[in-house]
There are 2 protein chains.
Amino acid sequence: MAPLTTPKSGDALFASVERVNAELFTLTYGAIVRQLLTDLEEVEEVNKQLDQMGYNIGTRLVDEFLAKSNVSNCVDFKETADTIAKLGFKMFLGVTATVTNWDAEGTTCSFVLEDNPLVDFVELPDTCQGLQYCNVLSGVIRGALEMVRLLSLPPFIIFSSCQAVEG
Amino acid sequence: MAPLTTPKSGDALFASVERVNAELFTLTYGAIVRQLLTDLEEVEEVNKQLDQMGYNIGTRLVDEFLAKSNVSNCVDFKETADTIAKLGFKMFLGVTATVTNWDAEGTTCSFVLEDNPLVDFVELPDTCQGLQYCNVLSGVIRGALEMVRLLSLPPFIIFSSCQAVEG
């Protein structure tokens, strides 16, 4: 059965939402990471906290995504990943991601961002080895997928990794 | 002497910058405030930290503002305030502010945001009395003005208050 509505393109989606300056967002995110490094000290704890913040954000953002994207249920995890990469990232960050590094079972993959607004102007000192600077993104995806599963997707899939690398 | 270039309109400025989804920004900012409340406990300390974060952000953002806005030196504080309200807020948050509450000496004023992306979906519990939720904005302005003074403005003006109220 054909879907009742046609999903919007990523460009149309991004054009349909309220936006703020990307540099302001980038610097604000940098301020969070710096604050967490100061408060928590351990890089591993910072990674966890960024993921948790992202999770909370993702559980909220998914509503806007579903309301505006006209996306209906994805048939499998590959389609889900593709939707996140082409529509989800575009709608919120204004860029698209490439899905790669699939494992043999098709249950884990990586999103690679060639142009990642989160890392503009970012230089990490050596003391930050192991810091997953963009870990908030993994958390957002985790939170969003968990909400979707509650609403409509029976098979729940865990993202084991989400890498954001600099172009 | 007429300026060599004409300042851009707020709309043109906002259209000229890279942007991200406003809801993502709003939720990310909310995550910062929540984190600070957990870590610092005292509302007064959170206010200070938000201002400091904003200050650091403002010292960076002012470069983008000067590079893109074609604004030349403001002749006085009133013109400075008006430029921030009509061009600065527009360029970074996509909204304009109203400048009001001038004191007799013309050295302090308030920016009132009728439509403030930072406070969308925000509900503060009673335990947050005294929290200046949007205090990052005061800090941004303070940081930006201090940088401008270093570059070109001899008389430095201290902002004694910057209120952001819900419409």
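Sequence lines set the chain letters: A, B, ... in the order given, protein chains first and strands last, and positions in each chain run from 1. What you see is a predicted model, and the numbers here were worked out from it, not measured in a lab.
A side-chain contact (heavy atoms from CB on, under 4.5 Å) with B/Leu24 holds for exactly one of A/Val20, A/Val17, A/Leu93; it is A/Leu93.
For A/Phe121, the parts lying under 4.5 angstrom from a heavy atom of chain B are both the backbone and the side chain.
Of the residues considered (A/Leu36, A/Leu40, A/Ile32, A/Leu61), A/Leu61 shows the highest number of contacts with chain B, using heavy-atom pairs under 4.5 Å. Between chain A and the options B/Ala31, B/Gly30, B/Ala22, the largest number of non-hydrogen pairs under 4.5 Å is found for B/Ala22.
How far CG of B/Leu27 is from CZ of A/Phe92: 9.0 Å, rounded to the nearest 0.5 Å.
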Considering only heavy-atom distances, could you tabulate the donor-acceptor pairs under 3.5 Å between chain B and chain A?
residue, atom, partner, partner atom, Å
B/Glu18, O, A/Ala22, N, 2.7
B/Val20, N, A/Val20, O, 2.9
B/Val20, O, A/Val20, N, 2.9
B/Asn21, N, A/Phe92, O, 2.9
B/Asn21, ND2, A/Met91, O, 3.3
B/Ala22, N, A/Glu18, O, 2.8
B/Gln35, OE1, A/Gln49, NE2, 2.8
B/Gln49, NE2, A/Gln35, OE1, 2.9
B/Met91, O, A/Asn21, ND2, 3.2
B/Phe92, O, A/Asn21, N, 2.9

